[in-house]
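Residue numbers start from 1 in every chain, and the chains themselves are labelled A, B, ... in the order their sequence lines are given, proteins ahead of strands.
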Protein chains: 2
Amino acid sequence: MAAKRRAQMVEETRAKLIQAARKAFATKGYAAASMDELTAEAGLTRGALYHNFGDKKGLLQAVIGQIDAEMVARMRAAQNQAETRWLGFLAEGVAYIEMALEPEIQRIMLLDGPAVLGDPSLWPNQTACLRATMQTIQALIDEGTVTPMDAEAAARLINGAALNASLWIAAADDPHAVFAKAVEAFRYLAVGLLQTER
Amino acid sequence: MAAKRRAQMVEETRAKLIQAARKAFATKGYAAASMDELTAEAGLTRGALYHNFGDKKGLLQAVIGQIDAEMVARMRAAQNQAETRWLGFLAEGVAYIEMALEPEIQRIMLLDGPAVLGDPSLWPNQTACLRATMQTIQALIDEGTVTPMDAEAAARLINGAALNASLWIAAADDPHAVFAKAVEAFRYLAVGLLQTER
DNA sequence: AATAGAAACATACGGAGCGTATGTCAATTT
DNA sequence: AAATTGACATACGCTCCGTATGTTTCTATT
């Protein structure tokens with residue numbers, strides 16, 4: 001074993017713990033996940049966990065931070081692939097709904113996260129995600145594509161609608177059919193809220 | 001003490017336990033609430049709890065059922081006070097946002113409930129609440145007030161938007177100012193989604 | 001280069017809480 | 001009036017979290 005830098009070793013153990021935690025939280029849920037099993041699966045003990053993350057909530061925060069960064073990246077990718085900013089905005093919403101379909105994201109980000117850490121809009125990274133949506137909306141207002149209004153209010157309502165849509169889809173018997181209906185309604189909602197003259 | 005009916009006694013103990021649980025869940029959160037303390041405050045022991053509700057989740061279900069019934073009643077009241085069905089629909093949404101401002105409803109119905117029991121749309125009473133919204137929307141479509149579309153999809157998106165709006169308000173530094181902005185945006189959203197010709 | 005110090009992680013301990021198994025008493029039934 | 005069932009209390013075990021302590025390895029200083 002080559003002599004690695006201390007910081008690198010630490011980063012590896014943190015990554016291993018977060019990896020194991022993601023898996024356990026996603027499958028068993030936060031409350032039912034045992035920290036002994038977690039750490040054992042990562043080849044460590046609870047000592048490493050409490051040293052690196054403080055407590056169980058700290059570990060959840062780290063997991064959420066990682067997932068959230070991935071979500072932001074995917075939303076930006078959807079935005080960048082679109083031809084216009086407006087289409088990109090719609091694509092972001094659809095991408096959000098798609099992501100929220102994954103059990104891991106459902107369980108950790110939408111159910112356990114808020115219950116344990118409180119309102120997601122106060123999380124640092126989620127704020128970043130919301131901020132991105134707000135900036136897009138503001139840009140759309142500035143370029144005259146959408147009706148002037150409070151960008152933050154619009155972003156929050158649209159995000160909320162998308163979130164609930166994905167929860168609906170995930171609980172449905174026929175997710176694909178419901179997904180189509182939800183996306184269609186979401187487009188109507190976005191157009192109606194942002195492009196209606198008042 | 002007069003000889004009471006057996007069933008009546010049972011109903012009283014159930015009510016006492018639910019009452020104590022509401023208080024504890026609302027203030028400490030579901031996970032941190034101790035069933036020993038709960039039952040002691042109600043003048044009982046954990047034996048009564050497990051006998052009546054099966055387990056801790058069962059107690060939460062009972063609490064949620066009670067709160068949800070109250071919420072439905074308040075939404076119906078808002079609907080009935082309005083002059084037209086459409087105004088009543090908007091009033092329902094505002095009433096929902098107002099209710100979700102209360103810490104008890106936030107904590108139990110919006111945070112812990114979904115985390116412990118899963119997606120709210122699968123809860124029996126919540127389904128009733130959603131069904132009421134759906135029926136209102138369908139009636140509005142039938143009478144020609146709103147644009148024809150999938151009533152369930154519309155109801156879910158609007159409910160989701162209202163839900164997120166209330167979470168936003170509750171976490172804000174100045175809830176009153178944010179409340180005004182959220183309600184305004186919510187009206188725009190409802191009008192835009194439901195009354196835009198396509 | 002050697003030693004002192006600190007960081008990273010493991011081990012050990014105590015306490016709290018949930019669920020179940022068992023016990024007791026009152027009420028209903030026959 | 002005796003028996004049986006139901007409502008609730010008591011007692012126990014098990015798991016799990018958080019902390020306190022121990023050990024080893026890396027880093028820093030001279």
Quick check: does any side chain N or O of [X] sit under 3.5 Å from a backbone N or O of [Y], one acting as donor and the other as acceptor?
| X | Y | result |
| --- | --- | --- |
| A:K56 | A:Y30 | yes |
| B:T196 | B:L193 | no |
| B:N52 | B:A48 | yes |
| A:T147 | A:L194 | yes |
| A:T13 | A:V10 | yes |

Measure the distance from [atom1] on [X] to [atom2] on [N] and round it to the nearest whole Å.
| X | N | atom1 | atom2 | value |
| --- | --- | --- | --- | --- |
| A:E11 | C:dC9 | CD | P | 11 Å |
| A:L49 | D:dT19 | CG | C1' | 14 Å |
| A:Q8 | C:dA7 | CD | C1' | 17 Å |
| A:R14 | C:dA7 | CZ | P | 15 Å |
| A:L60 | D:dC17 | CG | P | 13 Å |
| A:M9 | D:dT25 | CE | C1' | 10 Å |
| B:E12 | D:dA7 | CD | C1' | 14 Å |

When all nucleic acid strands are considered with a 4.0 Å heavy-atom cut-off, which category describes A:L44: base, sugar-phosphate, or nothing? sugar-phosphate
Give the cluster check for A:L130 versus A:M149: same hydrophobic cluster or not, with ILVMFWY residues linked at side-chain heavy-atom distances below 4.5 Å. no
Are [X] and [N] close enough that a side-chain N or O sits under 4.0 Å from OP1 or OP2?
| X | N | value |
| --- | --- | --- |
| A:H51 | C:dA8 | yes |
| B:N52 | D:dA7 | no |
| B:T13 | D:dC8 | yes |

Should B:R76 and B:E92 count as an ion pair when the cut-off is N to O under 4.0 Å? no
Review item, side-chain donor-acceptor pairs of residues 162-169 of chain B, under 3.5 Å, at least two apart:
| from | atom 1 | to | atom 2 | distance (Å) |
| --- | --- | --- | --- | --- |
| B:N164 | ND2 | A:R156 | O | 3.4 |
| B:S166 | OG | B:A162 | O | 3.0 |
| B:S166 | OG | B:L163 | O | 2.6 |
| B:W168 | NE1 | A:E152 | OE2 | 3.4 |

Bend of the helix from C:dA1-D:dT30 to C:dT30-D:dA1 from end-axis comparison, five pairs per end, nearest 10°, comes to 10°
Partner of B:R22 by salt bridge (Lys or Arg N to Asp or Glu O under 4.0 Å), out of B:E41, B:E104, B:E102: B:E104
Counting primed atoms plus P, OP1 and OP2 as sugar-phosphate and everything else as base, spell out the protein contacts along nucleotides 16-23 of chain C at 4.0 Å heavy-atom distance: B, S or - for each nucleotide, 5' to 3'. -SBBB---
